[in-house]
Amino acid sequence: MALVEIKNLHKSFGSNHVLRGIDFTVEQGEVVCVIGPSGSGKSTLLRCVNLLEKPQQGQVIVRGEDITDPDCHLDAARQQIGMVFQQFNLFPHLSVLANCTVAQRTVLKRGPQDADRIARANLERVGLSDKIDAYPAQLSGGQQQRVAIARALSMDPALMLFDEPTSALDPELVGDVLTVMRKLALDGMTMLVVTHEMAFAREVADRVVFMDAGVIVEQGPPADVIGSPTEERTRTFLRRVLDPTHVEPS
Amino acid sequence: MSTSPEIGTQTTVERKGLSPRRRAQRSRLIQYAVLVVLVLVAVFVANWHQIGSVFFKPEFIKSTFTDGVLKALVKTLEYTAGAFVIGLAGGTLLALMKLSQVGPYRWIATAYIEFFRGLPAIVVFIAFSLLPLAFPGMTIPWDPYGVVWLALGIVASAYMAEVIRAGIQAVPKGQVEAARSLGMPPGLAMRKIVLPQAFRIVLPPLTNDLILLVKDSSLVFMIGVAADGYELTGFGRDLANTYSNLTPIVVCGFCYLLITLPLGILARRLEARTARTR
């Protein structure tokens, strides 16, 4: 059984039809990178997986449970789905440690010692053991994003969603975050990553999905989709991303 | 082309009289001169002995203290503090109602807020003073605190509700999304994530509301509390009537400043801190 199964997903914002019938699955342990031009609907697709956006039509099935069903316990389903945002969205009034324990304590009802131990272990995993007592505003963007990853991991999720996790970072800080994500992938975490980092997608992803104008244009192993794409739209996009200074003859 | 002026041939504008800077300098001098004249007139014309004995008569300053101005000050603080707590609780409730997804809650909150913000506070106090007449036998517990806290709190909650609502809406949407993505239900996300940040944002305006509340507590004398329930204004007015002298009122006025000025400084500090962290 697939970990995530998406069937015929449609999402509109007003008259803007962003997702036009998406079907796709993520298997247990798989790392899937979603690429595509801005406005192609890839972030919206990701946000539909934990229902931060409510699709108008279609199903999102996580571990066999249809979370678009109004009878589904959405909060319980979301506990299994960690999410990392482009803008980090750390809780600025809480310390790094408290950011990682607040949901463990209040949602999972873990005791203070357990929550603490798990949070510390995950902060160590992202290389920030020395920042436990700091507040988000005292950290660099790269450090904040790694705390956000530790916060999500502290809930022991079955799946991690990454929404352009390095797009808001200064270039020299991108590497640290990607290193953490690569390690996570090697540990066997199931990951769905919306990204513009082609090198990361090529190296870490088991499968790359190329989206454009609200549909999946092509998907497959990175060597195929990024290495030798079959669709013209994919080729055009990759040409622009991989060689942004290239000027096409008019 | 022929109508446009030729570049470089324009003659300098003829300058008449003083330059603007000289004129500004002269204007400042005149302002100083006016001030000096006014001060001199005040010093020589005013009857300083009379003013001193009406506003600052030493023996009345002393007797104002021995008669219990400090007790009145404590009452003012007690009335204000209780009303602030009620205002804060009621204001938060109203703010949440105003942001509710259930239409009628929004309408009720809006009606309440607009009604009590539109009324002079003194009208509410007069209404409260008449309640026992209108409903014979009706009593509000903890006399006189209950009725004072209720009357002040009803008005304060309307003002605070708008401030708190603005604070809640100033918390970025991503905060709720992050909380919800961790599996927090809406109420928990509001309590643990949104409200703590919202209150930090509204701390300066809430401090200003507290200052207003300190001053509005002077309206308590409209309700007609017993003499031992007098706060600063009621106490000062009573004593000033007894002495036929304004000194007690002046002392009470300074007592208000003792509360409001530090609060004002606190509010400005908090504002500066908020401005720094954003």
Side-chain angles (χ1 to χ4, degrees), chain A residues 43 46-47 49-54 67 73-94 98-110 115 135-138 144-145 147-163 168, chain B residues 88-89 91-92 95-96 99-103 106 160 163-207 266-267 269-278:
Chain A
S43 279
L46 195 76
R47 291 163 60 83
V49 174
N50 66 354
L51 237 62
L52 281 184
E53 302 292 353
K54 300 222 169 12
I67 63 169
H73 289 277
L74 184 56
D75 293 321
R78 277 174 173 158
Q79 290 165 27
Q80 317 166 32
I81 309 172
M83 182 152 191
V84 175
F85 298 85
Q86 186 177 348
Q87 298 295 340
F88 330 135
N89 295 350
L90 290 182
F91 306 133
H93 61 300
L94 300 177
N99 261 279
C100 298
T101 56
V102 62
Q104 293 189 66
R105 298 287 311 281
T106 56
V107 176
L108 301 180
K109 310 285 182 201
R110 281 183 185 149
Y135 280 81
Q138 299 166 318
Q144 288 191 48
Q145 193 60 297
V147 173
I149 294 172
R151 174 176 72 179
L153 288 176
S154 295
M155 300 295 285
D156 298 328
L159 164 73
M160 285 283 284
L161 307 175
F162 292 85
D163 187 5
Chain B
L88 204 58
T92 307
L96 291 175
L99 297 170
S100 165
Q101 297 189 351
V102 182
R106 285 199 305 273
M160 291 186 190
V163 170
I164 295 166
R165 180 195 54 77
I168 291 173
Q169 287 181 317
V171 176
K173 204 168 133 249
Q175 292 292 311
V176 179
E177 288 184 350
R180 298 302 309 274
S181 78
L182 289 165
M184 289 191 189
L188 188 64
M190 179 59 79
R191 264 191 303 124
K192 288 281 173 187
I193 305 302
V194 177
L195 282 183
Q197 295 183 56
F199 277 113
R200 211 157 289 204
I201 293 168
V202 300
L203 216 47
L206 274 189
T207 312
L266 177 69
R269 288 241 172 105
L270 291 171
E271 260 162 41
R273 198 194 66 182
T274 315
R276 263 205 314 279
T277 52
R278 321 218 105 208

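Below, chain A is the first sequence line, B the second, and so on; all start at residue 1.
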- Listed partners of Gln144(A) passing side chain to side chain donor-acceptor pair (under 3.5 Å), at least two apart: none
- Query: Do Leu188(B) and Val107(A) have side chains that get closer than 4.5 Å, going by heavy atoms?
  - Reply: yes
- Task: Could you list which of residues 79-89 of chain A have a heavy atom closer than 4.5 Å to any heavy atom of chain B, in residue-number order?
- Result: Gln79(A), Ile81(A), Met83(A), Phe85(A), Asn89(A)
- Any side-chain heavy-atom pair of Arg180(B) and Leu51(A) under 4.5 Å: no
- Counting only heavy atoms closer than 4.5 Å, note whether Arg151(A) contacts chain B via side chain, backbone, both or neither. both
- Message: Quick check: under 4.5 Å, non-hydrogen atoms only, which of residues 152-160 of chain A neighbour chain B?
- Response: Ala152(A), Met155(A)
- For Asp75(A) against Pro186(B), the heavy-atom pair lying closest together: OD2-CD, 4.4 Å
- Atom of Gln175(B), atom of Leu90(A) and distance for their closest heavy-atom approach: NE2-O, 2.8 Å
- Message: Quick check: do Arg191(B) and Thr106(A) have side-chain heavy atoms less than 4.5 Å from each other?
- Response: no
- Message: Which atoms of Ala179(B) are under 4.5 Å from chain A, going by heavy atoms: the side chain, the backbone, both sets, or neither?
- Response: both
- Could I get the full list of side chain to side chain donor-acceptor pair (under 3.5 Å) partners for Ser43(A), not counting sequence neighbours? Asp163(A)
- Query: Quick one: does His93(A)'s side chain have a donor or acceptor within less than 3.5 Å of a partner on Lys192(B)'s backbone?
  - Reply: yes
- Identify the heavy atoms of Leu94(A) and Ile193(B) that sit nearest to each other, and give their distance. CD1-CD1, 4.5 Å
- Can you find a pair of side-chain heavy atoms, one from Val194(B) and one from Phe91(A), that are under 4.5 Å apart? no
- Query: Taking C-beta and beyond as the side chain, do Arg78(A) and Ser181(B) meet within less than 4.5 Å on heavy atoms?
  - Reply: no
